[in-house]
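Sequential numbering from 1 along the given sequence is applied to the chain's residues.
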Amino acid sequence: MRVVDHFIVGGTGGLASTRTAPVMDPNNGGQQAEVVLGSADALDRAVAAAQAAQPAWAAMNPQRRARVMFNYKALVEKHMDELAAMLSAEHGKVIADSKGDIQRGLEVVEFCCGLPHVLKGEYTQSAGPGIDVYSMRQPLGIGAGITPFNFPAMIPLWMGAMAVSVGNAFILKPSERDPSVPVRLAELFLEAGLPEGIFQVVHGDKEMVDLILDHPAISAVSFVGSSDIAQYVYSRGVAAGKRVQAMGGAKNHGIVMPDADLDQVVGDLCGAAFGSAGERCMALPVVVPVGEDTAERLRAKLIPAIHALKIGISSDPEAQYGPVVTAQHKASIERWIQTAVDEGSELVIDGRGFSLQGHEDGYFVGPTLLDRVTPAMSSYQNEIFGPVLQIVRAHDFEEALTLPSKHQYGNGVAIFTRNGHAAREFAARVNVGMVGINVPIPVPVAYHSFGGWKRSGFGDTDQYGMEGLKFWTKVKKVTARWPDGGGDGSNAFVIPTMG
């Protein structure tokens with residue numbers, strides 16, 4: 001049985017923990033590997049190595065650190081097929097989605113190649129008599145990332161590339177469900193020229209999460225996962241004196257105005273709601289047609305399009321999505337479908353009981369469409385995180401605007417319309433962190449920043465871009481004066497308010 005081990009300096013010989021967890025193949029339900037679950041001594045060893053390596057890395061001039069990022073980008077691109085196959089085998093998403101996962105992470109690496117420019121501080125000459133003031137951005141020291149199963153390449157790269165390129169050491173705790181890609185990314189960092197100890201991987205479950213949150217040498221923690229856990233991570237980490245950003249769940253809405261191009265909307269919805277089996281925090285699981293006529297026309301076009309979706313194993317190049325990640329998650333999705341029916345939703349297309357010939361034990365869920373969902377239903381209020389699309393009908397624009405604005409989650413939202421005024425009004429007023437206008441999955445490009453509002457994001461800074469730069473650095477302010485007097489006190493500094 002293949003074993004996925006930690007990636008820490010000095011190897012893992014002599015570590016106390018013997019706990020492991022199975023790594024399953026979602027395509028057939030069989031175990032393909034086991035991952036070692038670390039304990040305090042594994043984290044302590046990683047932290048000690050990070051402490052030894054980080055000062056020299058931080059002292060290196062920024063352009064030399066940027067050259068490592070250039071090398072790294074080239075290596076990840078060179079190994080794209082290998083990484084995508086590895087990712088698909090453990091997660092279950094199809095190869096095209098896996099390559100997209102890696103590519104969106106690489107875009108942040110590309111941004112990091114230009115960090116010498118944005119690391120520049122500010123300077124004011126003659127802020128006072130003979131006084132200059134300047135600032136410098138410095139790394140925090142050691143940072144940690146706790147990442148989810150659904151993007152095992154993209155999110156570690158969002159966090160890790162930003163953290164190390166500004167001079168920090170970084171310890172990654174990936175999901176134990178699909179741990180192989182993060183380890184391979186760490187290996188490629190070494191090959192690119194990153195010093196040992198600057199990017200390490202420790203595996204684990206809640207025990208490791210708590211150890212990271214409590215470790216006094218770790219200055220900052222970045223997290224992506226469910227909202228309840230995000231709130232826990234934020235609260236515990238801040239209580240331990242750390243800087244924390246914690247991204248949570250989502251229930252993203254797509255508002256469809258009467259003037260929208262419905263053929264385009266249906267194509268977008270099929271990709272955004274069912275792509276990657278709906279296991280994306282930026283998936284679009286709720287569609288809100290404005291007006292009954294819009295709802296009926298949209299529904300009539302959605303039904304044949306959903307029936308035409310091809311579900312297959314992750315390596316099938318013709319499949320539009322593959323299995324979900326675990327048997328437990330499949331059961332959870334199917335329970336939510338039944339809950340929606342029990343609450344009064346109309347089950348238009350039922351994806352439960354889907355079976356793929358030759359892969360009957362795989363964790364497949366067929367595409368599901370529910371109509372006449374209302375805001376009072378728990379299936380609407382909570383994140384299902386599967387290939388389930390819910391139709392919530394709105395009478396007018398104001399009602400459609402209110403639905404995502406009042407929802408507990410505020411990650412992403414989209415509006416589909418040809419009306420520029422309606423789009424502008426919606427974008428300005430909606431109480432959600434990321435807005436798409438005729439864009440179903442509005443994930444910002446790498447030189448902007450990613451982050452939701454309300455229970456979709458805890459903390460004051462977003463992922464990557466300039467917000468990521470702020471999170472992974474601290475600003476030091478220097479006030480300098482070089483007296484030219486003869487030492488008789490005639491040039492003594494006097495605070496203006498005391499003069």
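- Residues in residues 164-175 take part in these salt bridge (charged side-chain N to carboxylate O under 4.0 Å, His left out) pairs, two or more places apart or across chains: Lys173-Glu176.
- In this structure, CG in Leu87 is found 9.5 Å from CZ in Phe151, a value given to the nearest 0.5 Å.
- Under the side chain to side chain contact (heavy atoms under 4.5 Å, CB included) criterion, Asn382 pairs with Trp336, Ser378, Gln408, not counting sequence neighbours.
- Residues in residues 9-22 take part in these salt bridge (charged side-chain N to carboxylate O under 4.0 Å, His left out) pairs, two or more places apart or across chains: Arg19-Asp205, Arg19-Glu207.
- The minimum heavy-atom distance between Ser165 and Cys112, with the atom names listed, is OG-SG, 3.5 Å.
- Judged purely by atom type and a 3.5 angstrom limit, Asn411 has no side-chain atom pairing as donor or acceptor with the backbone of Ala250.
- Open room surrounds CG on Asp460; 12 or fewer heavy atoms of other groups in view lie less than 6.0 Å from it.
- Looking only at side-chain heavy atoms (C-beta outward), Leu213 and Val221 come within less than 4.5 Å of each other.
- The distance from atom CD of Glu398 to atom OG1 of Thr402, rounded to the nearest 0.5 Å, is 6.5 Å.
- Each salt bridge (charged side-chain N to carboxylate O under 4.0 Å, His left out) pair with one or both residues in residues 110-139, not counting sequence neighbours, appears once here: Lys73-Glu110.
- Under the 30°/60° scheme for interplanar angles, the aromatic rings of Tyr464 and Trp158 are found to stand perpendicular.
- For the pair Asp178 (side chain) and Pro152 (backbone), a donor-acceptor distance under 3.5 Å is absent.
- No side-chain heavy atom of Val435 sits under 4.5 Å from any side-chain heavy atom of Pro442.
- Between the side chains of Glu90 and Ser180, a donor-acceptor pair is found at a separation under 3.5 Å.
- Sorted by first and then second residue, the salt bridge (charged side-chain N to carboxylate O under 4.0 Å, His left out) pairs with a member in residues 36-49 form an empty list; sequence neighbours excluded.
- Closest heavy-atom contact between Asn438 and Phe416: OD1-CA, 3.2 Å.
- Among Ile198, Ile171, Asn168, the one residue that satisfies the side-chain contact (heavy atoms from CB on, under 4.5 Å) test with Ile142 is Ile171.
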Pairs of donor and acceptor atoms involving the side chains of residues 46-59, under 3.5 Å and at least two apart or interchain, shall be tabulated with distances.
from, atom 1, to, atom 2, distance (Å)
Gln54, NE2, Gly167, O, 2.9
Trp57, NE1, Val164, O, 2.7

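- Atom NZ of residue Lys470 and atom OG1 of residue Thr461 lie 9.0 Å apart, to the nearest 0.5 angstrom.
- Between the side chain of Thr326 and the backbone N or O of His329 there is at least one donor-acceptor pair closer than 3.5 Å.
- The closest side-chain donor-acceptor pair between Ser449 and Gln463, if any, does not fall under 3.5 angstrom.
- Counting only distance, with no hydrogens or angles, the side chain of Thr12 and the backbone of His6 share no donor-acceptor pair below 3.5 Å.
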After noting the C-alpha distance and the side-chain angles of His448 and Glu467, does the key distance pass the side-chain contact (heavy atoms from CB on, under 4.5 Å) rule?
-> CA-CA 8 Å; His448 286 262; Glu467 287 287 293; over 6 Å; no
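- The backbone N or O of Ser88 lies less than 3.5 Å from a partner atom in the side chain of Ser314, making a donor-acceptor pair.
- Looking only at distances, no side-chain donor or acceptor of Ser276 sits under 3.5 Å from a matching main-chain atom of Gly278.
- Considering only heavy atoms from C-beta on, Glu425 comes within 4.5 Å of Arg429 through its side chain.
- Atom CD1 of Ile255 and atom CD1 of Ile437 lie 12.5 Å apart (nearest 0.5 Å).
- What you find for Pro387 and Val324 is that their closest heavy atoms are CD-CG1, 4.4 Å.
- Pro323 and Gly92 get closest at one heavy-atom pair: CD-O, 3.2 Å.
- Between Tyr72 and Leu188, some side-chain heavy-atom pair lies under the 4.5 Å cut-off.
- The closest side-chain heavy-atom distance from Val287 to Val392 is not below 4.5 Å.
- Nearest heavy atoms, Ala144 versus Ile218: CB-CG2, 4.0 Å.
- Aromatic rings of Tyr380 and His407 (six-membered ring for Trp) have centroids within the 6.0 Å cut-off, being under it.
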Derivation and outcome, side chain to side chain donor-acceptor pair (under 3.5 Å), residues Gln245 and Ser222 = CA-CA 5 Å; Gln245 57 179 190; Ser222 183; 2.7 Å; yes
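- Between the side chain of Lys93 and the main chain of Asn150, a donor-acceptor pair closer than 3.5 Å is present.
- Nearest heavy-atom pair, Asn252 versus Cys281, reported as atom, atom and distance to 0.1 Å: ND2-O, 2.9 Å.
- Side-chain contact of Tyr232 with Lys206: a donor-acceptor pair under 3.5 Å is present, judged by distance alone.
- Note: Met162 CE to Met466 CE = 8.0 Å, rounded to the nearest 0.5 Å.
- Taking the six-membered ring where the residue is Trp, Phe426 and Phe397 present perpendicular rings, their angle passing 60° and hence far from 30°.
- How far CG of Asp462 is from CZ of Phe450: 8.5 Å, rounded to the nearest 0.5 Å.
- Side-chain atoms of Ser456 come within 3.5 Å of backbone atoms of Gly410 as a donor-acceptor pair (strictly under, hydrogens ignored).
- Using a 4.5 Å cut-off on side-chain heavy atoms (C-beta onward), Thr147 and Met159 make contact.
- In this structure, Phe111 has its ring center at least 6.0 angstrom away from the ring center of Tyr447.
- Residues His203 and Val183 meet the side-chain proximity criterion, which asks for heavy atoms closer than 4.5 Å.
- In this structure, the side chain of Lys251 does not engage the main chain of Leu284 through any donor-acceptor pair within 3.5 Å.
- Between Glu82 and Arg184, at least one side-chain N (NZ, or NE/NH1/NH2) sits under 4.0 Å from a carboxylate O, which counts as a salt bridge.
- Arg65 places a side-chain heavy atom less than 4.5 Å from the side chain of Leu119.
- A side-chain donor-acceptor contact under 3.5 Å links Gln138 and Lys476.
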